[in-house]
Novice: 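Just passing along the structure, written as structure tokens.
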Number of protein chains: 2
Amino acid sequence: MWTALSAKAAAQLDRELMSTGAFSIDQLMELAGLAVAKAIYKQYPPVAGNKNDVVFLIGPGNNGGDGLVAARHLKLWGGYEPILYYPKRVTSNQLYTNLLVQLQDLKISQIGESEIKTVLNLESTKLIVDALFGFSFKPPIRPPFNELIEFLSTNKSTLSPIVSVDIPSGWDVDNGPVGDHVIVPDTLVSLTAPKPCAKFLGEKPHYLGGRFINENIAEKYQIEDLIKLYKNDDLIVKL
Amino acid sequence: MWTALSAKAAAQLDRELMSTGAFSIDQLMELAGLAVAKAIYKQYPPVAGNKNDVVFLIGPGNNGGDGLVAARHLKLWGGYEPILYYPKRVTSNQLYTNLLVQLQDLKISQIGESEIKTVLNLESTKLIVDALFGFSFKPPIRPPFNELIEFLSTNKSTLSPIVSVDIPSGWDVDNGPVGDHVIVPDTLVSLTAPKPCAKFLGEKPHYLGGRFINENIAEKYQIEDLIKLYKNDDLIVKL
């Protein structure tokens with residue numbers, strides 16, 4: 001069994017990377033999003049000749065930012081056609097704004113609240129990426145996300161597979177699924193380290209990405225076992 | 001034959017990526033350096049059990065920055081032990097300063113002018129990475145780099161293989177090797193697109209990396225053929 005990092009420890013590690021660790025958020029988000037795209041491509045290789053749409057559900061914070069980066073890489077690699085649902089933009093954040101411009105330049109289409117449920121139900125939608133909330137999420141889930149998560153929960157059996165980025169959105173980071181309507185991911189991509197809630201994933205595919213932790217930090221946060229799992233020059237590892 | 005991008009066009013494309021393209025230098029350098037590390041790992045996979053030192057020759061500009069990023073990834077992947085030679089630091093550049101902190105935190109050692117020739121000659125030095133000058137280089141080559149390049153040129157036959165980042169340092173970007181003492185790379189990693197001087201490489205291994213160009217930009221700079229060469233989710237391609 002792998003080591004997990006509590007919500008509190010994950011937040012502390014993140015702050016440490018960006019202070020004494022001298023990483024910029026641009027760097028870390030680029031590497032995290034790239035790892036998410038790699039895991040998606042590995043677990044669900046696009047079927048040639050098909051229309052392979054991936055709907056990216058993008059939240060207002062860094063989890064959403066990781067999703068924006070992942071969408072860009074997938075689009076550049078070809079095979080998949082990302083579609084963005086990004087209802088709550090933080091326009092004051094220059095990085096998110098820039099990431100969105102990069103996607104617009106790739107002609108990635110965006111859909112709004114009036115279309116999201118219809119598009120999620122389409123035959124052409126082969127995958128759903130849940131990049132709504134990350135390890136700093138605190139309940140309650142506010143509109144329009146509460147309704148979206150209820151929809152994903154209620155219609156689970158007829159929808160395409162869901163890949164959650166770092167945390168299944170709405171889950172308690174340390175305690176797992178809570179409430180009546182919870183996202184049930186088919187694949188989880190943990191970033192830096194799994195969080196405690198990942199143990200409620202069961203036997204579902206679980207990837208680790210975000211290969212930027214040095215030995216000192218790994219030792220301090222007791223995740224040395226994790227950074228040793230990566231093979232060769234791989235950016236992700238299946239746990 | 002692949003398309004090349006002149007020094008002028010490469011500079012213009014770079015500016016365009018960071019203005020209307022909305023990319024930050026942090027993002028682009030991270031992806032470029034990662035591609036360099038991937039190409040090195042692919043062309044020269046580390047031999048298990050050996051002491052595999054890689055000496056990174058780091059110049060004062062963005063080519064050096066790409067080298068710093070590549071050194072970090074190689075170190076994190078294991079197998080190779082990067083050693084830095086970085087004699088002309090631009091301390092006013094926060095990104096370069098940060099990249100260096102990230103390497104120091106990985107306990108990557110640095111050597112100075114008094115040691116570089118000795119270290120290049122060591123049996124344990126298995127590879128030399130030339131990240132001195134990129135596509136904005138203009139002659140003459142100033143100290144201490146002139147002496148270093150003369151050393152690399154004169155002692156070529158007894159030194160370990162040289163991997164050049166984007167441009168063999170000191171070469172004219174558009175016209176190739178000039179002068180008495182020129183670096184002769186054993187492998188070239190072109191970033192975004194090969195520059196015209198790459199045609200003087202002959203049959204040596206030549207990789208392309210920096211997979212962040214969208215179709216519009218590729219069309220504008222007439223490098224559509226290049227972005228189609230990448231396979232699947234690969235970050236590099238051998239030309």
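Each chain gets a letter, A, B and so on, in the order the sequences are listed, and its residues count up from 1. Below, all heavy atoms of this structure are taken into account, side chains as well, without hydrogens, waters or symmetry copies.
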Novice: Pick from Lys231(A), Gln27(A), Lys42(A), Gln102(A): which one has the most heavy-atom pairs with chain B under 4.5 Å?
Specialist: Gln102(A)
Novice: Report the distance from atom CG of Asp105(B) to atom CD of Glu215(A), rounding to the nearest 0.5 Å.
Specialist: 12.0 Å
Novice: Is Thr20(B) close to chain A through its backbone or its side chain, or both, or neither, when contacts mean heavy atoms under 4.5 Å?
Specialist: backbone
Novice: Look at atom CD of Gln222(A) and say whether more than 12 heavy atoms of other residues, nucleotides or ligands are closer to it than 6.0 Å.
Specialist: no
Novice: Against chain B, label Ile213(A) side chain, backbone, both or neither, depending on which of its atoms sit under 4.5 Å from a heavy atom there.
Specialist: backbone
Novice: Let me know if Asn232(A) has heavy atoms under 4.5 Å from chain B in its side chain, its backbone, both or neither.
Specialist: both
Novice: From Leu34(A) CG over to Glu30(B) CD, what is the distance, rounded to the nearest 0.5 angstrom?
Specialist: 9.5 Å
Novice: Under the side chain to side chain contact (heavy atoms under 4.5 Å, CB included) test against Ser24(B), which residue among Ile25(A), Asn98(A), Asp26(A) passes?
Specialist: Asp26(A)
Novice: Could you check which of Pro46(A), Ala22(A), Ala37(A) has the highest count of heavy-atom pairs closer than 4.5 Å to chain B?
Specialist: Ala22(A)
Novice: To the nearest 0.5 angstrom, please state how far the CG atom of Leu235(B) sits from the CG atom of Asp233(A).
Specialist: 9.5 Å
Novice: Return the CG to CD1 distance between Leu106(B) and Ile217(A), rounded to the nearest 0.5 Å.
Specialist: 9.0 Å
Novice: With only heavy atoms counted, which part of Tyr41(B) is less than 4.5 Å from chain A, the side chain, the backbone, both or neither?
Specialist: side chain
Novice: For atom NZ of Lys204(A), is the number of surrounding heavy atoms from other residues, nucleotides or ligands below 6.0 Å larger than 12?
Specialist: yes
Novice: Using non-hydrogen atoms only, which part of Leu99(A) is less than 4.5 Å away from chain B: side chain, backbone, both, or neither?
Specialist: side chain
Novice: With respect to chain A, which residue among Leu31(B), Val101(B), Asn216(B), Leu17(B) yields the maximal number of heavy-atom pairs within a distance under 4.5 Å?
Specialist: Leu31(B)
Novice: Would you give the length of the straight line joining atom CZ of Arg72(A) to atom CZ of Phe212(B), rounded to the nearest 0.5 angstrom?
Specialist: 9.5 Å
Novice: Are side-chain N/O atoms of Lys107(B) and Asn214(A) paired as donor and acceptor at under 3.5 Å?
Specialist: no
